[in-house]
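This report refers to the structure that appears directly beneath it.
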2 protein chains.
Amino acid sequence: MTRSSRSGNTSAPSSKDVALAAGVSQKTVSRVFNNEQYVSADVRRRVQAAAEEIGYRPNNAARALASGRTRSIGVVTLGTGLYGPASLLVGIERAVQNAGYALRVVSTLEGDPSGVAGAVESLLEQGVDGIVLSEPIDEGPLSLQVDVPVLVFGAPPSLDAPRIITAGVVSEELARLATDHLLDLGHETVHHIAGPRRWYAARDRAEGWRKALRARGAVEPPVVDGDWSARSGHAAGKALAGDDVTAVFAANDDMAIGLIRALLDAGKRVPGDVSVVGFDDTPISAYVTPPLTTVRQPFDEMASTGLRLLVHAIEQPRAGDLDPGQPPIEILVRSSTAPPRSRTTSGHERTAIPARE
Amino acid sequence: MTRSSRSGNTSAPSSKDVALAAGVSQKTVSRVFNNEQYVSADVRRRVQAAAEEIGYRPNNAARALASGRTRSIGVVTLGTGLYGPASLLVGIERAVQNAGYALRVVSTLEGDPSGVAGAVESLLEQGVDGIVLSEPIDEGPLSLQVDVPVLVFGAPPSLDAPRIITAGVVSEELARLATDHLLDLGHETVHHIAGPRRWYAARDRAEGWRKALRARGAVEPPVVDGDWSARSGHAAGKALAGDDVTAVFAANDDMAIGLIRALLDAGKRVPGDVSVVGFDDTPISAYVTPPLTTVRQPFDEMASTGLRLLVHAIEQPRAGDLDPGQPPIEILVRSSTAPPRSRTTSGHERTAIPARE
DNA sequence: ATGAAAGCGCTAACAG
DNA sequence: CTGTTAGCGCTTTCAT
């Protein structure tokens with residue numbers, strides 16, 4: 001507990017110090033701290049006691065240098081507070097720790113062209129056993145020579161790595177689910193407020209929406225572009241409020257909320273005049289006015305599944321890839337969606353919507 | 001086994017390989033990559049070309065081992081998607097990178113008693129030059145022997161470190177600002193929906209609210225406990241809707257939104273019958289119904305200022321502490337607050353409750 | 001079941 | 001301006 005202050009202000013104790021104190025060789029200390037076999041219980045105890053006594057902490061830099069492995073995973077993420085990326089990062093954090101790895105994070109800035117390549121480069125210098133690319137924006141093809149496995153959320157970029165794993169891309173299916181819900185309620189078609197086109201997620205969601213419309217032979221209204229912000233949803237709403245729009249699928253909840261705000265300001269009722277579906281199931285979406293029908297991405301599932309695959313690729317370099325499985329997806333039907341007014345008598349009071357699926 | 005034979009399939013190239021290729025000593029390569037002076041421009045160019053040519057990347061583990069420094073900073077954060085902690089983490093990420101350091105993250109789980117100590121321990125093993133404790137929950141006193149400077153957001157825990165820096169705690173002032181705003185509008189008193197008491201931020205906000213009330217001699221209604229979620233704000237709203245409440249300060253925007261939902265459901269109008277102020281300025285707060293009056297924490301400022309101090313402590317161990325300065329704070333007045341409906345301004349003054357401190 | 005020796009790739013002193 | 005010589009604290013390999 002107490003460090004000898006007087007004589008040895010000589011940096012942190014090393015395994016050699018522990019060995020000396022325990023009366024064993026340095027290698028034996030190493031064995032104990034790596035849980036290797038062939039150490040007698042007695043020696044193990046002595047070493048542990050000595051280590052505790054002098055406050056020994058293994059030095060990971062030395063470990064990494066000698067072994068070539070760091071037991072750490074690096075993640076490249078967009079440095080933004082947006083709900084999707086942030087939630088995924090939280091899931092990755094947890095999954096990395098659960099797997100017994102340390103986490104190094106490098107964040108990129110939207111609009112920085114060399115961002116992703118530089119971020120990967122920096123992780124490689126730091127030394128990581130695997131990389132998670134949670135970079136939602138298409139910054140063009142990367143050509144990187146990476147010597148560790150890479151887990152990619154979003155579209156796989158062109159990079160040269162021993163193993164590339166793609167995980168949990170469900171935006172398209174969720175968008176179909178959302179659009180189908182509105183169509184099922186009887187709306188003739190569904191408008192779409194999309195995210196920025198450079199985002200993979202925005203493209204996937206628009207694509208899912210488009211496919212749902214086509215499958216029913218519904219007309220495909222022009223996409224309204226947003227930037228994920230409530231502000232942009234609000235602007236889109238002002239544009240849409242004049243038309244005879246009855247149903248809108250917004251590519252995230254924030255835009256849906258801005259949209260609803262604009263609709264209400266324009267004297268429309270939601271869902272009386274216009275039904276709205278969001279995307280994300282942000283924590284407040286059930287409590288806004290009206291409570292928002294939305295779809296939920298299984299971030300934790302995506303992160304833990306993805307990480308399982310990545311760790312497998314790290315630890316069994318020659319084995320085949322595991323089956324990623326299919327993450328569960330769901331739609332949360334709340335009060336922002338209803339059949340179009342023409343099909344009901346009174347549209348504006350809080351009507352209970354039969355969940356249909 | 002010798003490395004770097006012509007076959008080239010032997011692990012990564014080292015600075016020795018670069019030296020060989022450039023016809024200089026290994027030390028000179030090191031000089032170039034550390035931007036040391038006293039390297040002729042010509043040699044510098046040759047080394048850089050050779051490095052590029054053979055795809056050399058410095059090995060940070062070796063660097064760290066030899067120098068005792070890692071140029072990395074570790075952060076302990078609560079593994080949650082909550083707006084506050086997540087926003088602060090984003091700010092820290094950016095600030096750490098701007099300072100030229102790498103970032104290691106360890107997240108803790110709410111309710112895990114040994115979490116923070118274990119997290120710090122793990123960072124110390126990984127090797128970091130400084131630590132950021134962005135742990136919003138009071139898990140009781142820590143007694144840790146840490147040998148690097150520590151930057152703390154929230155209350156300083158009891159730990160033994162060469163330098164402890166506390167940064168940007170402005171919750172209390174912001175809470176006063178929020179409460180004063182309602183009082184200034186003419187409300188007799190202000191109710192408060194608080195966060196969980198184990199959170200420093202919750203306590204600070206409740207304290208700011210309390211001080212504002214006392215300063216005016218307003219009665220201090222019992223605190224309503226929430227858990228930051230819109231759901232809990234909703235529950236609090238149901239409880240409050242029966243009483244003759246005219247003004248509420250919620251400790252975050254999510255609870256404010258849940259509260260408003262409950263108030264509206266109970267037939268109250270906001271701000272007609274009840275004024276509500278939130279806390280955080282979440283991105284959607286301007287677009288909910290009604291647009292929410294709220295206060296904003298300057299996360300980016302807090303992070304960059306804190307980090308400046310931390311880096312200073314790392315790089316100038318013997319210099320005094322820098323002046324943290326005061327982060328700017330502001331209230332965003334939107335449409336959820338108004339004067340009380342019956343400005344009857346009864347002549348009877350309420351007696352100030354005796355201050356207990 | 002334990003130990004000795006030899007580096008991992010780099011930086012830290014010193015030379016020159 | 002450039003090179004030489006030692007390690008940093010650990011894992012590896014090979015003995016015992």
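Treat the numbers as computed from the prediction; the structure is a model and nothing was measured. The sequence lines fix the lettering, A, B, ..., with proteins before strands; numbering per chain opens at 1.
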Indicate whether any N or O donor in one side chain lies under 3.5 Å from an N or O acceptor in the other, for A:R63 and A:N34.
yes
How long is the line joining CZ of A:R69 and C1' of C:dG9, in whole Å?
19 Å
From CG of A:L20 across to C1' of D:dC10 the rounded distance in Å is 17 Å
Go along nucleotides 11-16 of chain C 5' to 3' and tag each nucleotide: B for a protein heavy atom under 4.0 Å from its base, S when only backbone or sugar atoms are that close, - otherwise.
BB----
Can you measure B:R44 atom CZ to D:dT2 atom C1' for me and round it to whole angstrom units?
13 Å
How many whole angstroms separate atom CG of A:N35 from atom C1' of D:dC10?
16 Å
Between C1' on D:dC10 and OH on A:Y56, what's the gap in Å once rounded to a whole number?
7 Å
Mapping B:L65 and B:S25 to their closest nucleotides on DNA chain D, which lands nearer the 5' end?
B:S25
Pair B:E135-B:T77, side-chain donor/acceptor within less than 3.5 Å
no
In whole Å, I'd like the distance from the OH atom of A:Y38 to the C1' atom of D:dA15.
16 Å
Using only side-chain N and O atoms of A:T28, determine if any of them is under 4.0 Å from OP1 or OP2 of C:dG3.
yes
Rounded to whole Å, the NZ-C1' distance (A:K16 to D:dT11) equals 14 Å
Taking only residues two or more places apart in sequence or in another chain, which ones pass side chain to side chain donor-acceptor pair (under 3.5 Å) with B:Q26?
B:S15
Is B:Q97 reaching over with its side chain to a backbone N or O of A:S107, donor-acceptor style, under 3.5 angstrom?
yes
With respect to the side chain of B:V39, which nucleotide from D:dC10, D:dT2, C:dC10 is positioned closest?
D:dT2
Given A:F153, which of A:T166, A:L133, A:V75, A:I92 fulfils the side-chain contact (heavy atoms from CB on, under 4.5 Å) condition?
A:I92
In whole angstrom, what separates A:N60's CG from C:dC8's C1'?
15 Å
Given the rule in the ring-ring contact (aromatic ring centres under 6.0 Å, His included) test, do B:F33 and B:Y56 qualify, once you have shown the distances and angles that lead to the verdict?
CA-CA 11 Å; B:F33 275 84; B:Y56 167 69; 5.0 Å; yes
Assess whether atom NZ of A:K27 is packed by more than 12 heavy atoms of other residues, nucleotides or ligands within 6.0 Å.
yes
